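Bear in mind that the values here come from a model prediction, so they are computed numbers and not experimental data.
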Amino acid sequence: MNALLELRNIRHAYGQQRVVNDLSLTLKKGAIGCLLGPSGCGKTTVLRCIAGFESVSAGAILLNGVMISNASFCLPPEQRHIGMVFQDYALFPHLTVQANIGFGLHRMQKAERAGRIAEMLQTVGLTDVSEKYPHQLSGGQQQRVALARALAPRPDLLLLDEPFSNLDVTLRGRLSVEVREILKSQNATAILVTHDQDEAFAIADEIGVMHLGEIQQWDTAYNLYHKPANRFVANFIGQGVFLPGRMLDPSHVEIELGTLAGVIPHQCIQDCQLCREGNPVDVLIRPDDLVHDDDSPLRAAVINKAFRGADIMYTLRLPGGSTALSLVPSHHNHAIGEKIGIRLETDHVVAFSRSAS
C-alpha cells in the first residue's frame, strides 16, 4: 500500500542550530503514528513542517504522493488539507460547540453542513452540549470539540500536538482511549506528538522515538519495549536498569542473577563482536523480569518502595551490590530493609556492548 504521508530525509534549523536531521518516515492511510521523545528533541518542529508552518531546508514531504514541501517550495498550510489539534485547543470562545465544529465547513451546502455537524457531535458524544460555549465545558469536553472540529472537513491527515497536556493524569488516560476510538471510527490518518509514553502506547499504531532531531526507532509499542534498537530507546521506553553481563554464546548471557537465554536483538546483527564468548555486555532488566518468589534461594534487600494500588514497585539491592526494580502484587507488602526472594523470568533478552553509548 502506498504511503499517505512520506517524509524523505527532511532537515530543519533555527539559525545555526539544526533541530531536525535527515528524518524519514512513512504513514499509511488509516494509521495513527506518534512522534515520542523528550523536550527539545525536535518532534513538534517535525509536526510544524508537516503542517506547513515551518519550511524544510533539505529533503521532501509528500502527501498522497504529491510534493507539499522541499528546500525550494512550501505549499501554504491552508492548501494542504491537513487538520490540527493544538495544545490549547484554540476554540473560538464566542461560538457554540456546534458552531465551532462547523467553522471549517463553510463550503458545504446548508443541509450537508448540518448533517456533518450532527454526525461529529454524536461521534464525540457532545450532542447534549451543542448549544454551550467553550467556557461552559470541562477540559475533556473542550478537547473533544477541538478534535471534532479538526475531523469535520475530512482532512487527509490529522496532526495532534500534545493534545492532553492541559488535562489531569486520570482524564488523560481515559481520553487517550476515546481519541483512538474516534480516529479509528472516522478511518482518520493521524500523527500525535507527545512526551508521554502512556499516551503514545494508548493511541498510536506505530511510534517513532526521537532524540536530537532523529528517529531512533520507528516501531510498535511492543517492539520498542521488548526489542529496543539502541541504548537510548531502551533507557527512554519503560523502566529498567542495566546489569553487567558476559556473553556465553550468541543466545546466552550470564548476569549475577543467572543465565538468560534468547535471541539477542538488533545490535548483535549490527556488530557480530557483541555475541562472542566472554564479551562484556550490559543487560536490560525490566521490573517485570524480576518475579517475587518466597521459595527462591536468591534474595535481595528492599531499599525503596512505591505503592501503586494493585502493585508495588520495589527497588532492590542485589547480592552483588547492583540495584534493580521489581513489580510485585501489592498484597506482598515488605518493609524497607527486608530481604525477599526473587527469580528471573525473562522472555526477551536486551543486551548492548559495554562500550555502547
Colleague: Does CG in Asn187 sit with more than 12 non-hydrogen atoms of other residues, nucleotides or ligands closer than 6.0 Å?
Modeller: yes

Colleague: Evaluate the ring planes of Phe352 and Phe242, with Trp represented by its six-membered ring, and classify them as parallel (under 30°), tilted (30 to 60°) or perpendicular (over 60°).
Modeller: perpendicular

Colleague: Is there a side-chain contact between Ile342 and Leu318, using heavy atoms and a 4.5 Å cut-off?
Modeller: yes

Colleague: For Val20 and Val56, run side-chain contact (heavy atoms from CB on, under 4.5 Å): C-alpha distance rounded to whole Å, both residues' side-chain angles, the deciding distance at 0.1 Å, then the answer.
Modeller: CA-CA 9 Å; Val20 180; Val56 298; over 6 Å; no

Colleague: If only atom types and distance count, is the side chain of Lys43 paired as donor or acceptor with the main-chain N or O of Gly37 below 3.5 Å?
Modeller: yes

Colleague: Could you report the tightest heavy-atom contact between Leu284 and Ala234, atom names first, then the distance?
Modeller: CD2-CB, 4.0 Å

Colleague: Do side-chain atoms of Arg299 reach the backbone of Ser296 as a donor and acceptor pair under 3.5 angstrom?
Modeller: yes

Colleague: How long is the straight-line distance from OH of Tyr89 back to CG of Asn100, given to the nearest 0.5 Å?
Modeller: 13.5 Å

Colleague: Do Leu260 and Ile285 come close enough that some side-chain heavy atom pair is under 4.5 Å?
Modeller: yes

Colleague: Please give me the minimum heavy-atom distance between Gln239 and Pro287, naming the atom from each residue.
Modeller: O-CD, 3.2 Å

Colleague: At their closest point, which heavy atom of Ser322 faces which heavy atom of Pro244, and how far apart are they?
Modeller: OG-CD, 4.4 Å

Colleague: Nearest 0.5 Å, please: how far is CD1 in Ile215 from CG in Leu36?
Modeller: 11.0 Å

Colleague: Under a single-linkage definition using a 4.5 Å side-chain heavy-atom cutoff for Ile, Leu, Val, Met, Phe, Trp and Tyr, are Val328 and Leu344 assigned to the same hydrophobic cluster?
Modeller: yes

Colleague: Looking just at side-chain N and O atoms, do Thr26 and Glu6 make a donor-acceptor pair shorter than 3.5 Å?
Modeller: no

Colleague: Name the one of Thr127, Leu91, Asp128, Leu121 that satisfies side-chain contact (heavy atoms from CB on, under 4.5 Å) with Val97?
Modeller: Leu121

Colleague: Without swapping roles, check the side chain of Arg172 against the backbone of Phe164 for a donor-acceptor pair under 3.5 Å.
Modeller: yes

Colleague: How far does CG of Asp282 sit from OG of Ser353, to the nearest 0.5 angstrom?
Modeller: 8.0 Å

Colleague: With respect to Arg343, which candidate in Asp293, Asp294, Asp295 satisfies the salt bridge (charged side-chain N to carboxylate O under 4.0 Å, His left out) definition?
Modeller: Asp293

Colleague: Within a radius of less than 6.0 Å around CD of Gln136, do more than 12 heavy atoms belonging to other residues, nucleotides or ligands occur?
Modeller: yes

Colleague: Can you hop from Leu25 to Ile207 via hydrophobic side chains spaced under 4.5 Å?
Modeller: no

Colleague: Using the rule that two of Ile, Leu, Val, Met, Phe, Trp, Tyr join whenever any of their side-chain heavy atoms come within less than 4.5 Å, decide whether Phe307 and Leu316 are in one cluster.
Modeller: yes

Colleague: Does Gly33 offer a backbone N or O that forms a donor-acceptor pair with the side chain of Glu206 under 3.5 Å?
Modeller: no

Colleague: Atom CD of residue position Gln109 - does it have more than 12 heavy atoms of other residues, nucleotides or ligands inside 6.0 Å?
Modeller: no

Colleague: Would the number of heavy atoms belonging to other residues, nucleotides or ligands and lying under 6.0 Å from CD of Glu78 be above 12?
Modeller: yes

Colleague: Can you label the angle between the His332 ring and the His334 ring as parallel, tilted or perpendicular, going by 30° and 60°?
Modeller: parallel

Colleague: Would the distance check show the side chain of Arg246 and the main-chain N or O of Ile255 forming a donor-acceptor pair, the cut-off being under 3.5 Å?
Modeller: no

Colleague: In sequence, state the C-alpha distance, the side-chain angles, and the governing distance for Lys28 and Leu4, and then conclude on side-chain contact (heavy atoms from CB on, under 4.5 Å).
Modeller: CA-CA 5 Å; Lys28 295 179 180 178; Leu4 182 136; over 6 Å; no

Colleague: I need the minimum non-hydrogen distance between Ala229 and Gln217, along with the two atoms involved.
Modeller: N-OE1, 2.6 Å

Colleague: Output yes when a side-chain donor or acceptor of Gln79 lies under 3.5 Å from a complementary backbone atom of Pro76, and no otherwise.
Modeller: no

Colleague: Answer yes or no: is there a donor N or O on one side and an acceptor on the other, between the side chain of Arg180 and the main chain of Ile203, under 3.5 Å?
Modeller: yes

Colleague: Look up atom CG in Leu151 and atom CD in Gln186, then write down how far apart they are to the nearest 0.5 Å.
Modeller: 6.0 Å

Colleague: Under 3.5 Å, is there a donor-acceptor pair linking the side chains of Lys29 and Asn64?
Modeller: no

Colleague: If only atom types and distance count, is the side chain of Arg317 paired as donor or acceptor with the main-chain N or O of Gly321 below 3.5 Å?
Modeller: yes

Colleague: Report yes if the side chains of Ile68 and Leu62 come closer than 4.5 Å at any heavy-atom pair, otherwise no.
Modeller: no

Colleague: Do the non-hydrogen side-chain atoms of Leu175 and Leu167 ever get within less than 4.5 Å of each other?
Modeller: yes

Colleague: Main chain of Ser55, side chain of His12: is a donor-acceptor contact present, judged purely on distance under 3.5 Å?
Modeller: yes

Colleague: Thinking salt bridges, do Arg11 and Glu214 make one under a 4.0 Å N-O criterion?
Modeller: no

Colleague: Is there a side-chain contact between Leu325 and Thr315 in this structure, where contact means two heavy atoms from C-beta onward sitting under 4.5 Å apart?
Modeller: yes

Colleague: Rounded at 0.5 Å granularity, tell me how far CZ in Arg48 sits from CD1 in Ile50.
Modeller: 12.0 Å

Colleague: Measure the shortest side-chain to side-chain distance between Ser130 and Thr96 over non-hydrogen atoms and say whether it is less than 4.5 angstrom.
Modeller: no

Colleague: Looking at Ala60, is its backbone amide N or carbonyl O close enough to the side chain of Ser69 to form a donor-acceptor pair, meaning the two atoms are under 3.5 Å apart?
Modeller: no

Colleague: How about Thr194 and Asp196: does a side-chain donor come under 3.5 Å of a side-chain acceptor?
Modeller: no

Colleague: So if you build clusters from Ile, Leu, Val, Met, Phe, Trp, Tyr with side-chain heavy-atom gaps below 4.5 Å, do Leu157 and Ile10 land together?
Modeller: yes

Colleague: Tyr225 ring centre to Arg286 NZ or CZ under 6.0 Å, with the angle to the axis within 45°?
Modeller: yes

Colleague: Can you find a pair of side-chain heavy atoms, one from Lys132 and one from Leu137, that are under 4.5 Å apart?
Modeller: yes

Colleague: Is Glu178 salt-bridged to Arg174, cutoff N-O under 4.0 Å?
Modeller: yes

Colleague: Is the distance between the ring centroids of Phe236 and His195 less than 6.0 Å?
Modeller: no

Colleague: Are any non-hydrogen side-chain atoms of Val209 and Phe232 less than 4.5 angstrom apart?
Modeller: yes

Colleague: Provide the closest heavy-atom pair for Leu75 versus Arg80 in the form atom of the first, atom of the second, distance.
Modeller: O-NE, 2.7 Å

Colleague: I'd like to know whether Glu181 forms a salt bridge (charged side-chain N to carboxylate O under 4.0 Å, His left out) with Lys184, so could you lay out the CA-CA distance, the side-chain angles of the two residues, the decisive distance to 0.1 Å, and finally the verdict.
Modeller: CA-CA 5 Å; Glu181 291 175 349; Lys184 288 299 182 182; over 6 Å; no

Colleague: With hydrophobic residues grouped by side-chain heavy-atom distances under 4.5 Å, do Met108 and Leu95 end up in a single group?
Modeller: no

Colleague: Before giving the answer on side-chain contact (heavy atoms from CB on, under 4.5 Å), spell out for Ile82 and Leu159 the whole-Å C-alpha distance, their side-chain angles and the decisive distance to 0.1 Å.
Modeller: CA-CA 7 Å; Ile82 291 175; Leu159 306 178; 3.7 Å; yes

Colleague: Taking atom CD of Gln122 and atom CD1 of Ile117, what is their separation to the nearest 0.5 Å?
Modeller: 14.0 Å

Colleague: Go through Glu119 and Arg154 one step at a time and tell me if the salt bridge (charged side-chain N to carboxylate O under 4.0 Å, His left out) criterion holds.
Modeller: CA-CA 12 Å; Glu119 178 188 352; Arg154 296 186 176 89; 3.8 Å; yes

Colleague: List the steps, then state whether side-chain contact (heavy atoms from CB on, under 4.5 Å) holds for Val19 with Tyr14.
Modeller: CA-CA 7 Å; Val19 293; Tyr14 294 110; 3.7 Å; yes

Colleague: State, to 0.1 Å, how close Pro228 and Val350 come at their nearest heavy-atom pair, and which atoms those are.
Modeller: CG-CG1, 3.5 Å

